[in-house]
Amino acid sequence: MSGPDQPPKASPEETQGSEAPQGPKPPSGGASPAETDGNLPARLGEERLNAPVIRQGMFGVQGTPDTSGYGLLRVHKAPPLHSERPYGSYFDEIADALGGALEAAGLGFPDAIERVVVDRGEITFHVRRERLTEVATKLRDDPALRFELCSGVSGVHYPDEGGRELHAVYHMLSITHNRRVRLEVSVPDADPHVPSLVAVYPTCDWHERETWDFFGIIFDGHPALTRIEMPDDWKGHPQRKDYPLGGIPVEYRGAKIPAPDERRHYS
Amino acid sequence: MGIEEKLPSGVLLTSVEKAAGWARARSVWPATFGLACCAIELFQTGGPKHDLARFGMERASNTPRQADLMIVAGRLSQKMAPVTRQIYDQMADPKWVISMGVCASSGGMFNNYAIVQGVDHIIPVDIYLPGCPPRPEMLLDAILKLHDKIMNMKLGKNRDREITELENARLGLRPLHLAEPAEADL
Amino acid sequence: MTAGQMPHAAAGASDAEAAEGRVYTVSGEDWDEIVAAANEARDFESGERIVINMGPQHPSTHGVLRLVLTLEGETVAEVRPAIGYLHTGIEKNMEYRTWTQGVTFCTRADYLMPIFNETAYCLAVERLLGIEDRIPERAQIIRVLMMELNRISSHLGGIAPMGLELGATTIYTQGARLRERALDLLELITGLRMNHAFIRPGGVAQDLPPGALEAIRVFLDETPELMHQLHTLIDANPIFIGRNKNIAYLDLEGCMALGVTGPMLRATGLPWDLRKSQPYCGYESYDFDVPIRDTCDAYGRYLIRMDEIDESLKIIRQCADRVAARGSVDSDPVMIRDAKIGWPAQLSLGPDGLGPSPQHIAHIMGQSMEALIHHFKLLTEGFRVPAGQAYATIESPRGELAAHVVSDGGTRPYRVHLRDPSFTHLQSVAAMCEGGFVADLIPAIASIDPVMGGVDR
């Protein structure tokens, strides 16, 4: 990372994060630069410059001829969200109760929960997969939590996140306290095992089968993890990003339109 | 088969064709093959407002053995395709198929891994009915066109001749997107 | 005992020719042994258990649902539902379309309640966009109106086939007759009888057409009488009661374990309705009740659905009154007035169908370059939704319907998952029906009211 006495790069390519034309002056005395300057826009922008590029240009135009003027735009990946206390609304109560319940069981809160994200009025606990069953049991049984209803589990596939490609997302509802919470477990493609929650929430039975069917996440301890939507002898897991949409070109009189995933797109 | 197979082509056969066609068209029994959204419109067509009973079709035969008409109503998924073929095979001749809706006719808006792009990949279709979903009036129009087809269906030797003519005509067809015969690569 | 040991047995089949399965020869004073042996050999060799396939093509399974039944006589020993015969890949298809186009896909998931699918998806997208509180009031009222109209047509679309499956065709025709009126109203407002794609992120597609309010009032005036006729036809019918009362029992504990919501949960006595507890689209301002029963059976669920139709009529009346009290649409938009998000064109009906109104065309072609650019960008690329994920839940006719939407900052959804109530509820078939009779399967499934489009998506 560049020191605070170097001005941030203002070259035309890097359009992200260089709002301040001049970097902050280093403070006199012995104050550490990171503490005083860490939150300034220029600093945050520089950190993001180190992240990988996820989008280039605009309007889906690649290479030439690009007359949009945005051809040199490089959008870097945003860092994973991480919320600090206080979370607001009823989220603090949930986090406190969950932490208390986990500690009473001899597990630390950071042992089980990697990260907490409060975004758009919803709280997400990123749970380590080894502790998923305990966390779910505490959520269901602890009187301050009482998340009786599990809405099910679904998967999301992020092929760009090395080592954490497959996410299993659980949504819980507490009828007693009228609250909602989300649990998210990340597992790598190479080892896609997640403990099954069927023993805690029997409703997850078919949802876990569906997530296995579409993403290949293996739920250890599931009574019968078989395909549910696709035919039993189907190969591949269709909703992964590396599985093609599988359409065929459409014939019209005098024209042939390619399948939807091969057409031109504007994003 | 029946008497129509033994009659020579002529006035007698034509009269038998007319009588048989008239009788068959008046009481077509559909096999309930409602799959998805079009099945709901099929269900409304059986309701009092658009009445299927006036065509003698309200007696939907749930067993394909007694059904004449298979209205494939809705999107046909890959998992359901063998079942569809089995049901079609279990129907006794003469049988007809209406593919109701765009999903049954061509895959519709679902051009993907899970949907068969048209039931005519699996079973022969007599009437294609577009719509997403087609209104009950459109379904009744398709049924009336099918009745026309049934009433004018040839039997016996006439039918054999007709089939040969139709096959010869089909052999000259080429894909729609190729305009010139020279480009066609059959 | 073999035939050779039985000197008094008639010359009949030898052991080798005996009927399939074990042969028990009873000669006297050994009935206990026989019964004990028969009970321990209660398996397929005894010939009492058969496996029957209630295949995907069946008139009474509410669509392409396959049930593999293990029967002992008339009693269901095991029932295993097999689904996936209508899997369409809707969720994956939505990843290849813009956010607005996604509405046309998700609307076809549960095709008896298309408006609810659209609303769940649009609420999730609006939460991601951060415009939840900027949706125009008129759009919210129209959304509630359409949802309740769809609730009526969906409940009738469940009750009518329920009658048909029990063998009562009159329930089917009368239910279809009433449903036809609701569909006429939906067609008048949205242009289509089903799969409307009417609710869009940012508002609704277009305003109520002229004549809609009068048609709604006529519908509200005539429907109670028709509902009364349905009640008289069905409620006290001894056969209907005999087939539905105390059938398909699922109590509160079972519902919580199996994730069951909606009328099935309210039949256990718990008054849980998301319109009251976690309101959306302005539901907190409407005056309606939540019908409950505490019988936990199929009859209770049927009565709840009929009562919910009456409550929906109340809500529709309030919506119609509110819309009538508001001004004309020029000052009262139905789509968010944000040039970067809201669908630009006021749609109107022209000689060639539904399209941008002539005023809008004149505006973008003659008056405002910016409007033209916004129109072009929104129609080709669509709007961009900031990265994140949202989970929006609504109270659909079948239970809690939710859309989990993940965005990566682009113009297309990264992942959309529809948490469909029918999918979750079908898991409870085994809990409700094992140990009962085969004939009770039909009312049990009818009381769940599954729609296979939502189950398989």
Side-chain angles (χ1 to χ4, degrees), chain A residues 54-55 58-60 75 77-78 81 117 119-122 124 140 148-152 154-158 160 167 169 171 173 175 178-180 182 184 201-207 210-211 213-214 224 227-232 238-241 243 245-247 259-261 263 265-267, chain C residues 80-87 89 91-93 95-98 127-128 130 132 254-261 265 270 272 274 277-278 377 380-382 384 386-391 393 400 402 404 406 408-412 414-415 417-420 423-424 426-428 431 455-457:
Chain A
I54 53 170
R55 200 168 80 236
M58 278 189 88
F59 313 125
V75 179
K77 189 170 154 179
L81 289 175
V117 177
D119 183 37
R120 285 152 168 117
E122 298 172 2
T124 309
R140 186 191 63 174
E148 306 96 342
L149 210 67
C150 178
S151 291
S154 76
V156 195
H157 185 222
Y158 296 95
D160 298 326
H167 289 219
V169 184
H171 292 94
L173 165 68
I175 293 185
N178 199 7
R179 294 171 176 168
R180 289 197 184 267
R182 179 188 298 129
E184 194 159 338
Y201 291 106
T203 181
C204 288
D205 184 355
W206 278 18
H207 291 272
E210 186 190 0
T211 312
D213 193 357
F214 287 145
R227 290 208 181 255
I228 188 171
E229 304 273 9
M230 305 309 298
D232 296 326
Q239 279 183 5
R240 292 170 62 101
K241 294 288 179 187
Y243 193 94
L245 183 62
D261 50 343
R263 293 178 200 163
H265 60 92
Y266 299 99
S267 53
Chain C
R80 292 191 291 274
I83 60 170
Y85 290 93
L86 200 55
H87 175 64
E91 298 175 349
K92 188 158 178 98
N93 251 124
E95 296 171 17
Y96 293 89
R97 294 287 190 286
T98 67
R127 191 174 303 171
L128 279 176
E132 274 181 301
C255 286
M256 286 294 109
L258 291 165
V260 169
T261 51
L265 182 58
L270 182 70
W272 177 255
L274 284 172
S277 19
Q278 297 177 0
K377 290 276 308 265
T380 53
E381 190 183 74
R384 279 185 198 277
Q389 52 181 340
Y391 187 75
T393 54
E400 179 181 307
H404 175 224
V406 180
D408 64 343
T411 55
R412 298 177 161 185
Y414 189 79
R415 163 95 173 115
H417 174 70
L418 292 168
R419 185 269 183 198
D420 192 87
F423 181 74
T424 315
L426 270 184
Q427 294 179 81
S428 63
V455 174
D456 297 335
R457 278 163 273 120

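Each chain gets a letter, A, B and so on, in the order the sequences are listed, and its residues count up from 1.
- Contacts of C/T261 with chain A are made by side-chain atoms alone, with heavy-atom separations under 4.5 Å and no backbone atom involved.
- By the 4.0 Å N-to-carboxylate-O rule, C/E95 lies close enough to A/K241 to be salt-bridged with it.
- At a 4.5 Å heavy-atom cutoff, the contact between C/L270 and chain A is made by side-chain atoms alone.
- With a 4.5 angstrom heavy-atom cutoff, C/Q389 touches chain A via backbone and side-chain atoms both.
- For chain A, no part of C/L418 is nearby; none of its heavy atoms comes within less than 4.5 Å.
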> Between A/F214 and C/H417, is a ring-ring contact (aromatic ring centres under 6.0 Å, His included) present by the stated rule, with each step listed?
Replying inline: CA-CA 11 Å; A/F214 287 145; C/H417 174 70; 8.7 Å; no
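- Only the side chain of A/L173 comes within contact range of chain C, with at least one heavy atom under 4.5 Å from a heavy atom of that chain.
- With a 4.5 Å cut-off on non-hydrogen atoms, C/Q427 touches chain A through its backbone and its side chain both.
- Heavy-atom distances place the side chain of A/R182, and not its backbone, under 4.5 Å from chain C.
- For chain C, the option among A/P238, A/G152, A/C204, A/C150 with the highest count of heavy-atom pairs below 4.5 Å is A/P238.
- Both the backbone and the side chain of A/E148 come within less than 4.5 Å of a heavy atom of chain C.
- Only the side chain of C/T393 comes within contact range of chain A, with heavy atoms under 4.5 Å apart.
- The residue among A/R140, A/H207, A/M230 with the most heavy atom pairs within less than 4.5 Å of chain C is A/H207.
- Taking the six-membered ring where tryptophan is involved, the planes of A/Y158 and C/Y414 are essentially parallel, since the angle between them stays under 30° and well short of 60°.
- Ranking A/D261, A/V156, A/D119, A/I175 against chain C, the residue ahead of the rest is A/I175, based on heavy-atom pairs under 4.5 Å.
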> Can you check side-chain contact (heavy atoms from CB on, under 4.5 Å) on C/W272 and A/N178, steps first, answer last?
Replying inline: CA-CA 10 Å; C/W272 177 255; A/N178 199 7; 3.4 Å; yes
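- Within the 4.5 angstrom heavy-atom criterion, only backbone atoms of C/A387 (N, CA, C, O) approach chain A.
- When all heavy atoms are compared, the tightest approach of C/E400 to A/S151 is OE2-OG, 3.1 Å.
- The shortest heavy-atom contact between C/H404 and A/S154 is ND1-OG, 3.7 Å.
- Below 30°, between 30° and 60°, or above 60°: for C/Y391 and A/H171 the angle between ring planes is below 30°, a parallel geometry.
- For C/R419, the part lying under 4.5 angstrom from a heavy atom of chain A is the side chain only.
- Across all non-hydrogen atoms, the minimal contact from C/K92 to A/L245 is CG-CD1, 3.9 Å.
- Among A/R180, A/Q239, A/H157, the residue making the largest number of heavy-atom pairs under 4.5 Å with chain C is A/R180.
- Residues C/A257 and A/P202 approach most closely at O-CD, 3.4 Å, considering heavy atoms.
- Comparing C/V406, C/T424, C/L128 by heavy-atom pairs within less than 4.5 Å of chain A, the highest count is held by C/L128.
- When each of C/A82, C/G130, C/C255, C/G84 is scored by its heavy-atom pairs under 4.5 Å with chain A, the top score falls to C/G84.
- Neither the backbone nor the side chain of C/A402 has a heavy atom closer than 4.5 Å to any heavy atom of chain A.
- Contacts between A/V169 and chain C at a heavy-atom distance below 4.5 Å involve the side chain alone, from C-beta outward.
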